Amino acid sequence: MAAAAVSSASGLLAMLTEEQAELKLHALVNLNSLVHLFWPEISTSVPTIESLYEDEEFDQRQLAALVVSKVFYYLGEFNDSLSYALGAGPLFDVSEDTDYAHTLLAKALDEYAAVRSRPVKPSDEDAKIDPRLEAIVERMLDKCISDGKYQQAMGMAVECRRLDKLEEAITNCDNINSALSYCINLSHQFVNHREYRCEVLRCLVKIYQQLPHPDYLSICQCLMFLHDPETVANILKKLLFGSKEDALLAFQIAFDLVENENQAFLLSVRNLLAPTPSVNPEAPTDAPDVAGGDVQMVDESSNEPNGSAEVDPAEVLQAERLSKIRGILSGETPIKLTLQFLYSHNRSDLLILKTIKQSVEMRNSVCHSATICANAIMHAGTTVDTFLRENLDWLSRATNWAKFSATAGLGVIHKGHLQQGRSLMAPYLPQSGGVGAGSPYSEGGALYALGLIHANHGEGIKQFLRESLRNTTAEVIQHGACLGLGLAALGTADEQIYDDIKNVLYGDSAVAGEAAGIGMGLLMAGTGSEKANEMLSYAHDTQHEKIIRGLSLGTALTVYGREEDADTLIEQMTRDQDPILRYGGMYALGLAYRGTANNKAIHQLLHFAVSDVSDDVRRTAVLALGFVLYSEPEQTPRIVSLLSESYNPHVRYGAAMAVGISCAGTGLSEAISLLEPLTSDVVDFVRQGALIAMAMVMIQTNEACDSRVGAFRRQLEKIILDKHEDAMSKMGAILASGILDAGGRNVTIRLLSKNKHDRLTAVIGLAVFSQFWYWYPLIYFLSLTFSPTAFVGLNYDLKVPKFDFMSHAKPSLFDYPKASTPQATTAAVRQPTAILSTFAKAKARAAKKEAEKEKAASGGGSAEKVASPSEGAAKTAEKPEKDKEKESDVMQVDNPAEKKPEPEPTFQILMNPARVVPSQEKYIKFLEGCRYVPVKLAPSGFVLLRDLQPSEPEVFTLTDAPAAVSSNPSATVPTSQSQQASSAMAVEEEPQPPQPFEYSP
């Protein structure tokens, strides 16, 4: 009560000047409890209290420091406040639940983390940490751990770089696996420094490996990021040589690693898993039966390799498993299964393409090429080239580079056809000796197509592409070969291929040199190679703008994902006087910090977006924001919203593409809202960018999820059919139509794998695709970003068993878009609807009464007569059959109220394999009592299954791959038609007449 009556601190302050230590102590204790009330008054006596703290003979120095600290806190001097709080020692209570304690603890954490993150030098005094600050941070961490606030402790330990405390927090958790998963997400989302992130992941791997039942799936993901193929190979060997369940887990790990698309790492692991030579050295190891895993390295019936001594069955089993996992890691198994899925589930709408073709004027080469590109994207990976074969005459109008693009489009359609890619493209490829009978444009396009077919999996085609490059002097063929080699050997840093492409570059041909620059970048992607300086040096020497542009983009690709390691190169490029190299610097900045949402990178890009004198640089700076932010797509519309309203059309275009890149495949409402006004911008190329970006955002979203999808499809159709629309906008609309229905409506654009790792191929593909502003053939790089929206369950033999599972949501939410209908047919159906619904109701009532009357009459009773003006017309028994059908049509079309629609079910039963779009994944559940159980809970992708009834016979799906050239005309071009297409596209001759056919509306 006495304390409550105090109205001033003057009396207590007066005691501080007394001689007796007891009076000073009394004053300090009371001032400490009243400082929140009287801090303005106490602040006048701060020097006196400070002198008590500095007096080494005074016993209560720490209490004096605490009072001064609190006064400085209320004065807003947080640095001084923290300094005195450190002097207060244990009197500064880290568990105190006050604003003062919370603020100073946050300040202490920031100070400690800042000092810990500086590079340490022995002579650097600033890098030494105040032991009092360290003591406070340790007390905080210990308090969190003892209170069971493990996630908070882990977050602070990661921020403060105290891996010892991180390990302590994780090992004290009840659920260690969950804690480790949380830390992995933490390291990817909040650790900006690449080297430190690697340290965190090494610490987590060490903890994982000490567990009695390690989570090998997560360990291998961490090891892939750390680029440690040896440890991954050892883990896989250990699992492969264990039980059947362990082998299933090894296969699942391999599929998960393949999804991250790091070709160099996967090949390293595969090569370390070489089969045991003692089993059967003659057996082929590089070409297992990827669909079924039926490769037998030994004849099991005799148990004797090559008719010699008996072989241990365990060795046979190991060899089979090694063969299967090598097939997965090489990409053959997942690619073949993906091909089968996309082929069997293809739902592309040829009528859309037919409409586009009819509306495009033949003399407009831009729209003609865009239609060919849209067809390739729409059928990417499906192997269905029906549209091309049915329009050979139309296709043959393509000349020069349009012919190059048309041929290359076959590579997108047959993407992943590793076994038959070369035979499919044979009619267009340069003949032996490098001199073909066809057009160099077709031959160059065919080499580019081979690169697209084998993108990121080019082991089998690299040598052929190298020979084709060496054996030609035609710059168009060199152009295609350089792009093809870069795609096939993506990120492998193969020195021999690099030298081959460099020789083309030094030829100083503008056309071939541009592709050589991009090809070198693709080859060295993500390596941070010193070769980047060599490329920059040549960019300064050459006079060709095309070569400079190719090299600037190629240089940017080399620093993909290097983060702070790339800062020197980025600085060099962004300060260059040549705007083309500054333009490359924007790509370097975006790709080096891809998916990190790094504040420093965002600030730099925004600075260039508003200050550079070159429109190209400004446009690309905004566009590159999309690459930095794709891990947090909801942030992008907010960050670029003001830029999307810029007076400069290049900046508006960049803003549209940035949203398209970072929000691709999300269907994000804010992204659609930002892009909508840009689709009707006054500048043609801004409209083009907005239409393409909108399609990228809306891919795999239907009208039931967002009604604006339907409106957007109608808008595209209107633009395409409008004869007065600008060519640039029309091109954007045509490409957008292809993107919306990409891959037979079974793929989406995904830049992150399901394990939240960057998909290297996808990010790089999108970066090169955005270069189509200068060079249309690069549009095809978009196909590298496509990821199948499929659930594919696999058994131990890597076959696809038939079983059902559930999507616990309304089917309409995730259904395919409705197929379009021909306009003439639509008009014919609508004509009868002119009949008034009241008339139809009257006829229906009359018909019903008549039926009742006849029923009553047949039963011997009498029925009441109902007077009706349409009674005579309602006697259906007397009508001809056609009239009855017409009447029922009218009743169904015009009077839906008569028949109530059935309510839509709240779930859907799907059969393996099934299309599962990203937004549907959270609704996927396995049915109770199902024969198959997943090795890991994954709602999509390739999922290995445990068979609970192994003795029962299995039924399989996806048993037929898209057929070879000679056996399936619906999937590929038959030989005779291939030759026709070749003559139409490769040589300047009259096209052959079409094959006989039957017309069907």
Side-chain angles (χ1 to χ4, degrees), residues 178 181-182 184-185 188-189 217-218 221 252-253 255-261 334 337-338 341-342 345 347 595 630-634 662-669 671 696-706 709 740 742-759 762 785-794 800 803-817 904-928 930 932-945 958:
S178 171
S181 297
Y182 174 76
I184 289 173
N185 289 335
H188 285 301
Q189 287 180 4
L217 287 160
S218 298
Q221 290 291 324
Q252 184 67 65
I253 290 169
F255 274 113
D256 286 1
L257 289 174
V258 167
E259 196 195 347
N260 300 320
E261 300 183 342
L337 288 165
T338 300
F341 174 81
L342 292 177
H345 287 67
R347 289 290 192 90
Y630 64 70
S631 60
E632 298 179 17
E634 58 286 340
S662 66
C663 304
T666 61
L668 198 68
S669 180
M696 290 164 70
V697 173
M698 285 183 172
I699 188 171
Q700 291 288 28
T701 306
N702 68 12
E703 212 167 340
C705 285
D706 193 323
V709 175
L740 275 179
R745 295 178 167 172
N746 287 304
V747 299
T748 187
I749 297 173
R750 230 196 272 260
L751 300 184
L752 287 171
S753 70
K754 284 184 277 295
N755 295 301
K756 301 301 176 192
H757 282 284
D758 304 283
R759 292 180 64 227
T785 67
F786 294 154
S787 171
T789 48
F791 174 96
V792 184
L794 300 168
V800 185
F803 72 92
D804 293 337
F805 58 99
M806 182 191 290
S807 167
H808 215 283
K810 290 182 177 180
S812 63
L813 282 176
F814 309 113
D815 206 359
Y816 287 102
E904 188 182 359
T906 56
F907 66 91
Q908 184 180 13
I909 300 297
L910 303 171
M911 189 181 81
N912 182 44
R915 172 182 182 263
V916 175
V917 300
S919 53
Q920 188 180 7
E921 289 174 5
K922 57 181 175 234
Y923 300 107
I924 298 299
K925 291 182 174 65
F926 271 65
L927 301 171
E928 284 187 30
C930 182
Y932 298 98
V933 178
V935 167
K936 72 160 193 175
L937 292 173
S940 67
F942 295 107
V943 180
L944 271 294
L945 306 165
L958 282 200

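Worth saying up front: this structure is predicted, and the values here are computed from it rather than measured.
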> Phe255 and Val943: side-chain contact (heavy atoms from CB on, under 4.5 Å), yes or no, with the steps?
Replying inline: CA-CA 8 Å; Phe255 274 113; Val943 180; over 6 Å; no
>> Check the orientation of His345 and Phe341. Use parallel for under 30°, tilted for 30 to 60°, and perpendicular for over 60°.
In response: parallel
> Quick check: does any side chain N or O of Gln908 sit under 3.5 Å from a backbone N or O of Ala809, one acting as donor and the other as acceptor?
Replying inline: no
> Hey, mind stepping through Phe926 and Val933 against side-chain contact (heavy atoms from CB on, under 4.5 Å) and telling me if it holds?
Replying inline: CA-CA 8 Å; Phe926 271 65; Val933 178; over 6 Å; no
> Which residues satisfy the side-chain contact (heavy atoms from CB on, under 4.5 Å) test with Leu752, sequence neighbours excluded?
Replying inline: Tyr630, Ser631, Asp758
> Can you check whether Ile749 reaches Phe786 side chain to side chain, under 4.5 Å on heavy atoms?
Replying inline: yes
>> For residues 906-928, which residue pairs pass the salt bridge (Lys or Arg N to Asp or Glu O under 4.0 Å) check, not counting sequence neighbours?
In response: Arg750-Glu921
>> Walk me through whether Ile924 and His808 qualify under side-chain contact (heavy atoms from CB on, under 4.5 Å).
In response: CA-CA 6 Å; Ile924 298 299; His808 215 283; over 6 Å; no
>> I'd like to check the side-chain hydrogen bond (donor to acceptor under 3.5 Å, both in side chains) partners of Tyr932; sequence neighbours left out, ordered by chain and number.
In response: Glu954
> Asn912 versus Val800: any side-chain heavy-atom pair under 4.5 Å?
Replying inline: yes
>> When you measure from the centre of the six-membered ring of Tyr816, is the NZ or CZ of Arg347 closer than 6.0 Å and no more than 45° off the axis?
In response: yes
> Could you walk me through whether Asn702 and Val917 pass the side-chain contact (heavy atoms from CB on, under 4.5 Å) check?
Replying inline: CA-CA 11 Å; Asn702 68 12; Val917 300; over 6 Å; no
>> Determine whether a donor-acceptor pair (N or O, by modelled atom type, separation under 3.5 Å) exists between the side chain of Asp804 and the backbone of Ile909.
In response: no
> Partners of Ser812 by side-chain contact (heavy atoms from CB on, under 4.5 Å), sequence neighbours excluded?
Replying inline: Ala704, Lys810, Glu904
>> Run the side-chain contact (heavy atoms from CB on, under 4.5 Å) test against Ser753 and tell me which residues pass, sequence neighbours left out.
In response: Glu259, Asn260, Asn755, His757, Arg759
> Heavy atoms, side chains only, cut-off 4.5 Å: are Tyr923 and Val916 in contact?
Replying inline: no
> Got Leu945 and Phe803 here, is their nearest side-chain heavy-atom distance under 4.5 Å?
Replying inline: yes
>> Please report the interatomic distance OG(Ser787) to NZ(Lys754), rounded to the nearest 0.5 Å.
In response: 5.5 Å
>> Any side-chain to backbone donor/acceptor pair from Ser940 onto Phe791? Under 3.5 Å, distance only.
In response: no
> Say you draw a straight line from OG1 of Thr338 to CG of Asn746; how long is it, rounded to the nearest 0.5 Å?
Replying inline: 11.0 Å
> Taking only residues two or more places apart in sequence or in another chain, which ones pass side-chain contact (heavy atoms from CB on, under 4.5 Å) with Leu217?
Replying inline: Asp215, Leu249, Gln252, Ile253, Asp256, Lys936
